[in-house]
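The structure presented is a predicted model; accordingly, all values stated were derived computationally and were not measured. Protein chains get the first letters and strands the later ones, always in sequence-line order, with residue 1 at the start of each. Because only heavy atoms are used, hydrogens play no part in the values below, and waters and symmetry mates are left out as well, while side chains stay in.
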Number of protein chains: 2
Amino acid sequence: MATGRTHRPATRSRGIPEATVARLPLYLRALTALSERSVPTVSSEELAAAAGVNSAKLRKDFSYLGSYGTRGVGYDVEYLVYQISRELGLTQDWPVVIVGIGNLGAALANYGGFASRGFRVAALIDADPAMAGKPVAGIPVQHTDDLEKIIKNNGVSIGVIATPAGAAQQVCDRLVAAGVTSILNFAPTVLSVPDGVDVRKVDLSIELQILAFHEQRKAGEETAVGDGALPAATGRGVAAGDSADQGPDGDVPAVMPA
Amino acid sequence: MATGRTHRPATRSRGIPEATVARLPLYLRALTALSERSVPTVSSEELAAAAGVNSAKLRKDFSYLGSYGTRGVGYDVEYLVYQISRELGLTQDWPVVIVGIGNLGAALANYGGFASRGFRVAALIDADPAMAGKPVAGIPVQHTDDLEKIIKNNGVSIGVIATPAGAAQQVCDRLVAAGVTSILNFAPTVLSVPDGVDVRKVDLSIELQILAFHEQRKAGEETAVGDGALPAATGRGVAAGDSADQGPDGDVPAVMPA
DNA sequence: ATGTCTTTGTGAACGCGTGCACAAAGATGG
DNA sequence: CCATCTTTGTGCACGCGTTCACAAAGACAT
């Protein structure tokens, strides 16, 4: 994962592998686009291309759901949209709360992708009293004091944490205590939760660091032949293969801010 | 993944598995926290707990970097911070451009996590002429017309796409043509890029859908006892025992335990 | 009906990632 | 110097995920 999960020993799902579950939304999106263009059927090859995966993988993924295709023809788009939606639990409406209405929280509240696919922003919660009552994305922000009440009144089971790292664990604990069993965490912290609670993490700086690793590797690919052990601060390869990438700032010593 | 990856057949990295690379930022963060508390050394057990992983996994991960620990003692925090930073390419400063300064783009521009760890927001780019010149997070927004010039003048190799889905591929193409070789994509689309370009995807609605799947499974866990095989069509009551799977989008109250 | 053609569904092989369990290595104390 | 204790580094086995390759299944034409 790209993004990763926290804990959760094995895929206890009745049959559907976790990797497959992670791809179902991808297929669903591609299928929805086809549906809007009124395409009646699609082959595994075409759909796989649209979703950016291998066609054999796609077929195997679908085989876990059942035999929904027709040999020689392909898959019925509408039917498949329904089956995947049902499998993912999107035929019901999930109320979601967003905690931490800073820049990111506000962006999430405004994000259309929520409402469009089975999710509904039930409430926005922030610890800042000055935010209370202020509407964001048409929804008034409520104060953290009422968190438990909000969760219970709306039957919320999915929470989004967009607070600073320092507040995340505390918010998480309160969400879980109030009945939330799935958490999407944007704060750069490792959350600890009791068994039975799912946490998924989205971490911008981690993603960038992974890109930086590959970027560095690309830049030093020709020169790094037998690096052996640890050439310390020597590996300053220049000249990348083709495009003019070049070093941003020539030589930077071991800078490691904060 | 939270998140997934796009393409990239195999780990061509000289020795370091992709899964390990994805965890290095996690270790680095935990180590940085220890460093700030002036902790001199840390055992694999302690560090693993802080990073939320298995200690054996952590030791194996570090073994790919070299033998940086001392048996009977543990790892030197400062030294390890440096080694991981170097491995990830964070000892140099990576200029990054953010394209699409909507709610999300602005949030990213304001996100402290960028600057704090080796990344620098070199420019903000948006297609809306009304945005041009307007400062966001202290940086004036520039128009898309100047994209190529900005990339080249700043030696940017990492780009962040925070545009609407419809514009993403076009922006991506221009970024790549201008020399960008790593892309962090927030737009809900599958980007196609030439070989040699890395794409990482962060998709909020996909993460939520995965959570919804597990949430639904949890809700129907008690009733799902003897499922047997998949009864093809008329597939009813497989897993989601209680919840009304038929209702497209009624006001199904999100029933939740306790 | 029969044959051909397309596409699914899946058995099987392979490779990666994970976790156990332990030997090797060094610290520490007598 | 030797014994003991702690913790690393890793060989090994196992399970998951991916991919290949092909037989089975259906559509379609003759």
Side-chain angles (χ1 to χ4, degrees), chain A residues 1-24 26-27 39-49 51-77 79-80 83 210 229-230, chain B residues 1 4-24 26-27 39-49 51-77 79-80 83 210 229-230 232-233:
Chain A
M1 102 178 344
T3 308
R5 203 182 305 83
T6 314
H7 296 226
R8 193 143 272 269
T11 308
R12 301 240 314 106
S13 325
R14 261 287 168 257
I16 302 185
E18 187 62 27
T20 295
V21 172
R23 280 188 294 268
L24 290 182
L26 220 54
Y27 303 143
V39 177
T41 61
V42 65
S43 72
S44 65
E45 204 71 49
E46 294 169 312
L47 185 54
V53 303
N54 183 297
S55 70
K57 195 187 295 187
L58 178 142
R59 287 198 300 275
K60 179 144 289 196
D61 283 342
F62 285 176
S63 77
Y64 293 117
L65 308 182
S67 290
Y68 294 151
T70 305
R71 299 178 190 225
V73 175
Y75 299 91
D76 182 276
V77 171
Y79 187 58
L80 205 44
Q83 290 299 342
I210 295 172
L230 44 153
Chain B
M1 234 189 345
R5 203 180 300 82
T6 313
H7 295 227
R8 194 140 271 270
T11 307
R12 302 243 311 108
S13 326
R14 259 289 165 254
I16 301 186
E18 187 63 26
T20 295
V21 172
R23 279 187 295 268
L24 290 182
L26 220 53
Y27 303 144
V39 177
T41 61
V42 64
S43 72
S44 65
E45 204 70 48
E46 294 169 311
L47 185 55
V53 303
N54 182 298
S55 70
K57 195 187 297 185
L58 178 142
R59 287 197 299 275
K60 181 149 291 193
D61 283 342
F62 285 175
S63 78
Y64 293 117
L65 308 183
S67 290
Y68 294 151
T70 307
R71 300 181 189 223
V73 175
Y75 298 93
D76 182 277
V77 171
Y79 187 57
L80 204 46
Q83 290 298 341
I210 296 172
L230 295 187

- Query: So do the side chains of A:Arg59 and A:Ser63 get within less than 4.5 Å of each other, counting heavy atoms only?
  - Reply: no

- Task: Measure from CZ on B:Arg23 to P on C:dG17 and round the result to the nearest Å.
- Result: 8 Å

- Interatomic distance, B:Glu45 CD vs D:dT8 P [rounded to whole Å]: 8 Å

- Message: Is any side-chain heavy atom of B:Ile210 closer than 4.5 Å to one of A:Glu18?
- Response: yes

- Query: Side chain of A:Tyr75: nearest nucleotide among C:dT10, C:dT8, C:dT18?
  - Reply: C:dT8

- Between NZ of B:Lys57 and P of D:dT8 the distance, given in whole Å, is 17 Å

- Atom-to-atom span, CG of B:Leu58 to C1' of D:dT7 - whole angstrom: 12 Å

- Sequence-aligned protein contact record of nucleotides 20-30 of chain C, with B where the base is within under 4.0 Å of a protein heavy atom and S where only the sugar-phosphate is: BB--BB-S---

- Can you find a pair of side-chain heavy atoms, one from A:Glu46 and one from A:Tyr75, that are under 4.5 Å apart? no

- Message: With a 4.0 Å cutoff (strictly under), does any side-chain N or O of B:Ser44 reach OP1 or OP2 of D:dT7?
- Response: no

- Message: Just the rounded figure in Å: distance from C1' of D:dT6 to CG of B:Leu47.
- Response: 17 Å

- Item | Atom-pair distance (CD on B:Glu46; C1' on D:dT6), nearest Å | 12 Å

- Check whether any side-chain heavy atom of B:Gln83 sits under 4.5 Å from a side-chain heavy atom of B:Leu65, and report yes or no. no

- Student check: side-chain heavy atoms of A:Leu80 and A:Phe62 closer than 4.5 Å: yes

- Query: Any side-chain heavy-atom pair from A:Tyr68 and A:Asp76 closer than 4.5 angstrom?
  - Reply: no

- Task: Measure from the side-chain heavy atoms of B:Ser63 and tell me the nearest of D:dT10, C:dG19, D:dT19.
- Result: D:dT10

- Task: Send over the distance from A:Glu18 CD to C:dG17 P, rounded to a whole Å.
- Result: 17 Å

- Query: How close or far is atom C1' of D:dG9 from atom CG of B:Asp61, stated in whole angstroms?
  - Reply: 13 Å

- Distance col, row A:Ser43:OG vs A:Leu58:CG, nearest 0.5 angstrom, shows 9.5 Å

